[in-house]
Amino acid sequence: MASMTICARFRPLSSKERRDHGDAVCIQHVDSETFSFKDEKDEEFTFSFDKVFYEKSEQAEVYEFLASPIVRDAVDAINGTIVTYGQTGAGKTYSMEGPSILVCDEQKRGLLPRVVEGLFDCIKSSGRTMKHSIKLSMVEIYMERVRDLFDLAKDNIQIKESKSQGILLNGVTEISVSSPAEALQSLSNGIANRAVGETQMNVSSSRSHCIYIFTVQQEVKKDERSKAGKLILVDLAGSEKVEKTGAEGKVLEEAKTINKSLSALGNVINALTCGSSGKANHIPFRDSKLTRILQDSLGGNSRTALLCCCSPSPSNALESLSTLRFGMRAKHIKMSPRLKGNEDKSAKKNGPPSPTKDESCERILGMLRERFDAEDVKLLEELFTLSGILFDPSSPEEVDSALADVTSQTITLLQQAVEDLASIVEELKRENKALKNELAAAKRLDAQSEAAGDTSIVLHKPSGIISSVVSRVRSLSSIK
Ligand SMILES: Nc1ncnc2c1ncn2[C@@H]1O[C@H](COP(=O)(O)OP(=O)(O)OP(=O)(O)O)[C@@H](O)[C@H]1O
């Protein structure tokens with residue numbers, strides 16, 4: 001069983017950070033896997049990752065450790081994902097793209113151009129028995145809308161799920177590339193389009209998630225079987241907290257949407273991490289476009305790497321700590337990559353097969369259809385169309401998918417409500433215990449004063465205290 005590869009990367013101090021804090025850094029005792037981190041209150045935390053890249057680490061080292069095994073697997077039809085996470089200015093884009101995709105020092109080239117080269121190199125060395133082809137798509141998620149960066153007219157791509165191909169971006173432009181130069185030129189066009197869209201919409205790249213998708217099709221010539229590996233690279237929007245940005249109006253809305261999708265990613269990671277064995281666990285993939293697109297990658301047939309990008313400066317200690325903690329949570333996800341198109345070995349030979357997830361969903365949707373009257377359905381359609389969940393109400397597939405999205409989001413809300421209630425119950429239990437202690441102490445006091453024949457204490461006690469404590473304890477006990 002493989003797990004996620006999680007690495008931390010600290011960029012060099014910026015000139016502003018040097019001006020503000022000189023050479024001061026939050027990191028100490030760094031080795032290749034661990035370091036200690038001092039926050040602004042001088043509290044010390046020790047972190048341990050699969051690899052720690054410090055200031056002077058080379059781009060090539062990051063690629064070799066984090067990406068090259070995933071690239072090799074993608075050519076063998078195993079899905080892969082590489083994600084850069086961190087606050088704005090922490091080095092996500094530098095790590096992903098380098099200073100430029102097309103013209104750049106060899107030493108500074110980022111993951112993306114190296115992945116392109118790696119894919120073509122692996123294909124070349126895979127021999128003559130295999131025929132491969134690579135298709136490239138590039139999208140951006142901004143305010144929960146998926147925009148095609150190869151065709152800006154497609155500004156609200158829908159996400160679909162197919163039984164054979166998994167998660168799909170409906171109608172997204174796919175460019176066939178036959179050489180690294182062609183692929184890099186296409187990527188560079190997509191990046192330029194992103195800048196055009198940003199100016200048109202007055203958006204900064206740090207407020208959107210950028211997703212690069214390579215589909216590597218593999219044909220085994222002898223029997224013409226075909227398999228595909230999907231390699232997704234994600235440069236996430238800045239993870240900083242809304243409060244720190246001091247944002248208002250549209251910027252505040254953007255920040256909230258980003259925080260929502262990043263916390264959806266965190267929730268998916270938590271659900272995958274905390275899932276108790278044997279118990280059906282709701283993984284909220286449908287709570288954001290980001291998690292939905294990454295569903296195949298995080299959920300199973302895939303290898304995933306997360307690069308947690310941080311500033312080493314004390315001025316960013318809080319954000320760096322939050323990025324590192326996000327990485328530590330992700331560390332616990334366990335995944336077993338398997339080849340696509342493999343036989344399903346889990347099918348039981350004896351007894352009736354238990355319903356699949358699709359069958360269960362179909363049954364629930366059927367029941368809902370029976371219970372809704374036509375007027376409700378019309379209202380729901382209008383609501384879904386207005387909020388961009390649904391585009392074609394006459395498509396049963398789209399209606400089902402929209403309903404599944406809403407159901408999943410409702411489950412998440414209910415789970416949060418249950419957690420809130422559980423914490424209220426805990427609080428009431430604590431209050432209950434304190435009141436019981438108070439009652440016992442008051443009774444002891446009563447007994448002592450009676451034994452001593454001293455009436456002054458009794459006289460000074462506010463009248464009715466015991467009976468009021470008793471009735472509060474009783475009312476709280478009845479909540480349990
Ligand atoms: N490892 C590094 N070595 C040298 N310079 C770096 C490194 N990482 C980042 N930088 C520099 O730090 C600055 C911020 O980096 P970058 O733009 O990659 O941040 P980011 O996390 O992508 O921010 P945003 O969310 O705004 O896109 C850039 O000027 C970049 O060149």
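As a basis for the values below, the full set of heavy atoms in this structure was taken, side chains included, without hydrogen atoms, waters or symmetry mates. Whatever order the structure lists ligands and atoms in, that order sets their numbers, starting from 1.
For atom 17 (O) of ligand 1, the nearest non-hydrogen atom from the set Val62, Leu13, Thr84, Thr93 belongs to Thr93.
When each atom of ligand 1 is checked for a heavy atom of Gly89 under 4.0 Å away, the hits are 14 (C), 19 (O), 20 (P), 21 (O), 23 (O), 24 (P), 26 (O). Listed by number with element, the atoms of ligand 1 under 4.0 angstrom from any heavy atom of Lys92 are 18 (O), 19 (O), 20 (P), 21 (O), 22 (O), 23 (O), 24 (P), 25 (O). Under a 4.0 Å criterion applied to the non-hydrogen atoms of Pro12, ligand 1 contributes the atoms 1 (N), 2 (C), 3 (N), 4 (C), 7 (C). Near Arg11, meaning under 4.0 Å from one of its heavy atoms, ligand 1 places the atoms 7 (C), 8 (N), 9 (C), 12 (O). Set against the non-hydrogen atoms of Ala90, the atoms of ligand 1 under 4.0 Å away are 19 (O), 20 (P), 21 (O). Counting atoms of ligand 1 from 1 in the listed order, those under 4.0 Å from a heavy atom of Gly91 are 8 (N), 9 (C), 15 (O), 16 (P), 18 (O), 19 (O), 20 (P), 21 (O).
Using a cut-off of 4.0 Å between Lys/Arg side-chain N and Asp/Glu carboxylate O, Asp20 and Lys16 are scored as salt-bridged. Using a 4.0 Å cut-off between a side-chain N of Lys or Arg and a carboxylate O of Asp or Glu, Glu140 and Arg147 qualify as a salt bridge. The pair Arg109-Glu97 does not count as a salt bridge, with every side-chain nitrogen at least 4.0 angstrom from each carboxylate oxygen.
Contact analysis puts Gln87 in contact with ligand 1, with a non-hydrogen atom separation below 4.0 angstrom. At a 4.0 Å cut-off, not a single heavy atom of Gln59 sits close enough to ligand 1 to count as contact.
Taking the six-membered ring where tryptophan is involved, the planes of Phe49 and Phe47 are essentially parallel, since the angle between them stays under 30° and well short of 60°. Tyr85 and Phe326 have parallel rings, their planes meeting at less than 30° on a 0 to 90° scale where 60° marks the start of perpendicular.
Taking the six-membered ring where the residue is Trp, the centroids of Tyr54 and Phe35 are separated by 6.0 Å or more.
Within a 6.0 Å sphere centred on NZ of Lys154, heavy atoms belonging to other residues, nucleotides or ligands number more than 12.
Between Tyr94 and ligand 1, an N or O atom pair is found at a separation short of 3.5 Å.
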